[in-house]
Student: 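Input: one structure, supplied below.
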Amino acid sequence: MAVGAGVALGEVAAGLVSPSVSPVTAVGGAVIDAVPPGVKDWAISLFGTADKVALLGGMALAIAALAALSGLVELRRRFAGVAIIAVFGVVGVVAVISRSDVTANAIPVPLLVAVAGMVLLRWLIRKLGEWQASAAADGPSPKIPAPNGPEGPARRRFFQAIGGTAAVAALAGVLGATLRGAGAVVNELRSKLVLPAAASPAPPIPAGAGLRVEGIGPLVTPNKDFYRIDTALRVPVVDPGQWKLRVTGLVEREVELDFAALLAKPLIERHITIACVSNEVGGDLIGNARWLGWPVRELLALAGPKPGADMVLSRSTDGWTAGTPLEVLTDNRDALLAVGMNGEPLPLEHGFPARLIVPGLYGYVSATKWVTELKVTRFADDVAYWTPRGWTERGPIKTSSRIDAPRDGRSAKAGDVAFGGVAWAQHTGIGSVELRVNRGRWQPAELAPGISKDTWYQWKMVLPLTPGQYEVQVRATDLNGIPQTEDRAPVAPSGATGYHTVRVDVKS
Ligand SMILES: Nc1nc2c(c(=O)[nH]1)N[C@H]1C(S)=C(S)[C@@H](COP(=O)(O)O)O[C@H]1N2
Ligand SMILES: [Mo]
C-alpha cells in the first residue's frame, strides 16, 4: 500500500509537471533501452503490439514484489525495508535523469515517490507493531482477538491507516492516469509531427561565434536545458488537430488559422535569445534557440489593424495574457508565431503547438505559449496578466552581460585564468564587452560575432593573475554605444540591472 501510494502520487506529479517525467515511464523506457535486442525481439514475438502493456504489467509485478519484500524486512528490522525503497528511489532518479528528453524539474518526481513510500511504510509498520504489541499483552492467544481488549483499538487504527493509504493510492492513481493520458496522446502526436522546411532558413552561425572557454554555456541552448517559466501548474495539453488561432479586436477582418494552415505558410527560421524579466543579474532565466515560425506581421497584415490600436493582447489556452506593442509586432523584426524549437516541434512545456517569440522583449510581455488568440487593442483598454501584479506594462529587455566562467566563489590556479560568458542587447546587438578587476580600469574582452543582433554574444578574456582574492565585473555596451547601467535594480518591476560580479580565489 505504501509503495503503491508513492507510485500513484508520482504519476500525479508527473501529470502536473510534464508527461515525460513519470518515473514509471522513465524506468520502463530505460528497461527498453537496456535489454539486449534478442530479449526485445523475443518479447515482441511473444506479446506482439501488447509488448508495452506486458512491460508495464511486468513492472507492476516487480514493484509489488519489491514492496512486499520491503514490508516483510521492515517488520523485522526498523529502516531495513525503508532502505530497500531508498535504493529503488535512486534507481528511479537515475532512470529519469538518463532520459534525454527530460528536464531538471523531473528529478523531484522519483524522489517524491521514494519519500512517500518510505514515510508511509514506516508509519504503517508502526501501526502494525502497535497492534501486535497490544495483542501480545492481551493474553497467550493473540490469534483470538478480544473485542474489547486493548488490541481492539490498535487493530482498528492499523486497518484505518491501511484503508486510508489505499484510498489515497486509488484516488491518486485515477487522477494521475487521467492527467497523463491526455499528455501522452499529445506527446505521441508531437513526436510524429514532421515540420516543414523553412522557406527562409536560419542564416548560418558565423565562424567563431561559439567560444571555447571551460565552463561557458553552449551558444544555442538545447531544448531540455532551456529555462521554463509560466503560471501553469499543469502543462497545458493542446491537440494540434484542435488548435486554432484567432485574430480579433480592432481589425478590418477577423482571421482564423488552424495548425495545418499555419504549417502551409512560408515559415522562417531564426536564432533568437529570449529572457525572463525575473532573471537576476548573473541568472540563467535566459536561453538562445533556433525558432521556426511565421512572421506575426504577416498574420496581422491579413487582419488589418485599425487606426488607434497600439497593443496586441495574446492569450493562451489557460487564459494567461501578454500585452505587446503593436509596433514591435509589425516592424521589420522577426517576431514569430513559432512552431519549432531547435529543429523539433515545440516541447509541450515550451508552448506546443504554437507560441509567440519576439526579439527584444521580456517573455512576460511577448512570449505567449499555447497561444490561441491575438486581440488587437489599446493599452488604454486592456491589461495583461502581469501588469496589475507589479510589473511594468512594457518590457523591453535591458542590455546585460554575465560571467559564466569561472563561477562566483570558485578558486583558480595562478597564471592565465580564462574568463568567459555572454552579453545581450536583443535587436540592437552588442558592440563591446569589458571586464574590470578589483574596480580597476575597464579592459576590452574578446567579443565573438553574434549569430544576429537578436541573440546573445559570447565573450572571453584571459587574465594573468597572481595568487590572491579578485573581484571581477563585466559590462556590455550595445551597438548604439549605450553601456548597460551600473545602478543595481531588482527584477521587479521591469528587470534587474547592475554589473555581474564574481569573486575568484587564485591559488598558487
Ligand atoms: N501561456 C503562458 N505563456 C507564457 C508564460 C505563462 O505564464 N503562460 N510566461 C511567459 C514568461 S514570463 C516567459 S519568461 C516565457 C518563458 O518561456 P519558456 O518557458 O519557453 O522559456 O514564457 C512566457 N509565456
Ligand atoms: Mo518571464
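Just so you know, ligand 1 is whichever comes first in the structure, and atom 1 is the first atom listed for that ligand. Since the model is a prediction, treat every value here as computed from it, not as a measurement. Values below: every heavy atom of this structure, side chains too, minus hydrogens, waters and symmetry copies.
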Student: Check this for me: does any side-chain nitrogen of one of R436 and E486 sit under 4.0 Å from a carboxylate oxygen of the other?
Tutor: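 A salt bridge is present here (some side-chain N lies under 4.0 Å from a carboxylate O).
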Student: Which part of S316 is near ligand 1, with near meaning a heavy atom under 4.0 Å away: side chain, backbone, both or neither?
Tutor: side chain
Student: How far is atom 13 (C) of ligand 1 from its nearest protein heavy atom, and which residue and atom is that?
Tutor: G363 CA, 3.7 Å
Student: Any idea which protein heavy atom is nearest atom 9 (N) of ligand 1, and the distance to it?
Tutor: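 For atom 9 (N) of ligand 1, the nearest protein heavy atom is I229 O, 3.3 Å.
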Student: Considering only the protein, which heavy-atom contact is closest to atom 4 (C) of ligand 1, and what is its distance?
Tutor: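 Checked against all protein heavy atoms, atom 4 (C) of ligand 1 sits closest to W320 CZ3, 3.5 Å.
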Student: Taking only heavy atoms of T368 into account, list the atoms of ligand 1 that are under 4.0 Å away from them.
Tutor: 3 (N), 24 (N)
Student: Taking only heavy atoms of A367 into account, list the atoms of ligand 1 that are under 4.0 Å away from them.
Tutor: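 That gives atoms 22 (O), 23 (C), 24 (N) of ligand 1.
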Student: Is the shortest heavy-atom distance from the side chain of E280 to the side chain of V491 under 4.5 Å?
Tutor: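 Contact flag for E280/V491 side chains = yes.
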Student: Can you run down the ring-ring contact (aromatic ring centres under 6.0 Å, His included) pairs that involve residues 282-306, sequence neighbours left out, and say none if there aren't any?
Tutor: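 Only F226-W291 qualify under ring-ring contact (aromatic ring centres under 6.0 Å, His included).
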Student: Using atom types as modelled and distance alone, determine if a side-chain donor or acceptor of Y362 lies under 3.5 Å from a backbone N or O of K398.
Tutor: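 Between the backbone of K398 and the side chain of Y362 there is a qualifying donor-acceptor contact (under 3.5 Å).
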Student: For atom 21 (O) of ligand 1, which protein heavy atom lies nearest, and how many Å away is it?
Tutor: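 Looking at atom 21 (O) of ligand 1, the protein heavy atom closest to it is Y227 O, 2.6 Å.
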Student: Considering only heavy atoms, does D318 approach ligand 1 within less than 4.0 Å through its side chain, its backbone, both, or neither?
Tutor: side chain
Student: Is it the side chain (CB and beyond), the backbone, both or neither of Y364 that lies under 4.0 Å from ligand 1, heavy atoms counted?
Tutor: both
Student: How close does the nearest protein non-hydrogen atom get to atom 3 (N) of ligand 1, and which residue and atom is it?
Tutor: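 Nearest protein contact, heavy atoms only, for atom 3 (N) of ligand 1 is K369 N, 3.0 Å.
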Student: Under a 4.0 angstrom heavy-atom cut-off, which atoms of ligand 1 come close to C276?
Tutor: 14 (S)
Student: With a 4.0 Å cut-off on N to O distance, would you call R270 and D454 a salt bridge?
Tutor: no
Student: Using a heavy-atom cut-off of under 4.0 Å, does the side chain or the backbone of Y362 touch ligand 1, or both, or neither?
Tutor: neither
Student: Using side-chain heavy atoms (C-beta onward) and a distance below 4.5 Å, is V213 in contact with W459?
Tutor: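 They are not in side-chain contact.
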Student: Counting only heavy atoms not in R389 (residues, nucleotides, ligands), do more than 12 fall under 6.0 Å from its CZ?
Tutor: yes
Student: Scan I397, V358, T399 and name whichever one has a side chain to side chain contact (heavy atoms under 4.5 Å, CB included) with Q426.
Tutor: I397
Student: Please determine whether a side-chain nitrogen of the Lys or Arg among R402 and D404 lies less than 4.0 Å from a carboxylate oxygen of the Asp or Glu.
Tutor: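 Yes, charged N to carboxylate O under 4.0 Å.
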Student: Check Y385 against ligand 1 and report side chain, backbone, both or neither, counting heavy atoms closer than 4.0 Å.
Tutor: neither
Student: Which heavy atom of the protein is the closest neighbour of atom 7 (O) of ligand 1, given with residue, atom name and distance?
Tutor: T231 N, 2.8 Å
Student: Could you identify the single nearest non-hydrogen protein atom to atom 17 (O) of ligand 1 and state the distance to 0.1 Å?
Tutor: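 Checked against all protein heavy atoms, atom 17 (O) of ligand 1 sits closest to R355 NH2, 3.0 Å.
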Student: Could you tell me, atom by atom, which parts of ligand 1 come under 4.0 Å of a heavy atom of F226?
Tutor: 21 (O)
Student: Looking at L348, is its backbone amide N or carbonyl O close enough to the side chain of W370 to form a donor-acceptor pair, meaning the two atoms are under 3.5 Å apart?
Tutor: yes
